[in-house]
Amino acid sequence: TPVQVAFGQNTAGISLSNPEYTTYRVSFANASPADTLEFRFPETIPPNNELIRSSPDGRRLGMRFLSLRILPHQCWDH
């Protein structure tokens, strides 16, 4: 299920398909200026110990960023 990435009122979806560090690119064509970036998950994120019963860790799963770049225009080839 894709995660919605919202840059102000502009939205796009990405599928987090790799548990390791991976480059994901999101483009917002003709985006309006914005000052917020949100990652919206499609459903409630379960605590780690619900997925791995032997885990004492009750924190909810999340995303880990190695880096995040916001560029003013598209800069890669399709």
Side-chain angles (χ1 to χ4, degrees):
T1 306
V3 172
Q4 281 279 299
V5 181
F7 178 65
Q9 298 299 316
N10 313 285
T11 60
I14 59 171
S15 292
L16 304 176
S17 57
N18 189 335
E20 300 300 322
Y21 290 115
T22 301
T23 299
Y24 294 95
R25 293 182 174 105
V26 179
S27 180
F28 299 102
N30 303 313
S32 302
D35 60 3
T36 59
L37 180 67
E38 297 178 14
F39 294 87
R40 300 174 182 161
F41 293 87
E43 54 194 48
T44 301
I45 307 300
N48 192 43
N49 57 8
E50 280 186 19
L51 297 175
I52 304 170
R53 297 287 181 199
S54 60
S55 174
D57 189 350
R59 294 178 294 169
R60 299 215 180 268
L61 300 176
M63 292 173 39
R64 182 176 179 183
F65 292 90
L66 181 62
S67 68
L68 175 65
R69 295 189 304 162
I70 301 174
L71 305 171
H73 54 80
Q74 187 175 5
C75 64
W76 64 88
D77 294 328
H78 288 285

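Only this structure's heavy atoms are used, side chains among them; waters, hydrogens and symmetry mates stay out.
- By the 4.5 Å heavy-atom criterion applied to side chains, Tyr24 and Ser17 are counted as neighbours.
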Indicate every side-chain donor-acceptor pair of residues 51-58 with a distance under 3.5 Å to a residue at least two apart or in another chain.
unit_1	atom_1	unit_2	atom_2	d
Ser55	OG	Asn48	ND2	3.2
Ser55	OG	Asp57	N	3.1
Asp57	OD1	Arg59	N	3.0
Asp57	OD1	Arg59	NE	3.0
Asp57	OD2	Arg59	NE	3.4
Asp57	OD2	Arg59	NH2	2.8

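- Leu37 and Phe65 fall within a single hydrophobic cluster, where Ile, Leu, Val, Met, Phe, Trp and Tyr side chains are chained together by heavy-atom contacts under 4.5 Å.
- Looking at every heavy atom in both residues, Ala12 comes nearest to Val26 through CB-CG1, 3.5 Å.
- Using a 4.5 Å cut-off on side-chain heavy atoms (C-beta onward), Val5 and Phe39 make contact.
- When the shell of 6.0 Å around CD of Gln4 is examined, it contains more than 12 heavy atoms from other residues, nucleotides or ligands.
- Taken to the nearest 0.5 Å, the CZ atom of Phe28 stands 9.0 Å off from the CD1 atom of Ile70.
- Residue Thr11 comes nearest to Arg40 through the heavy atom pair CG2-NH1, 4.0 Å, listed as atom of the first residue, atom of the second, then distance.
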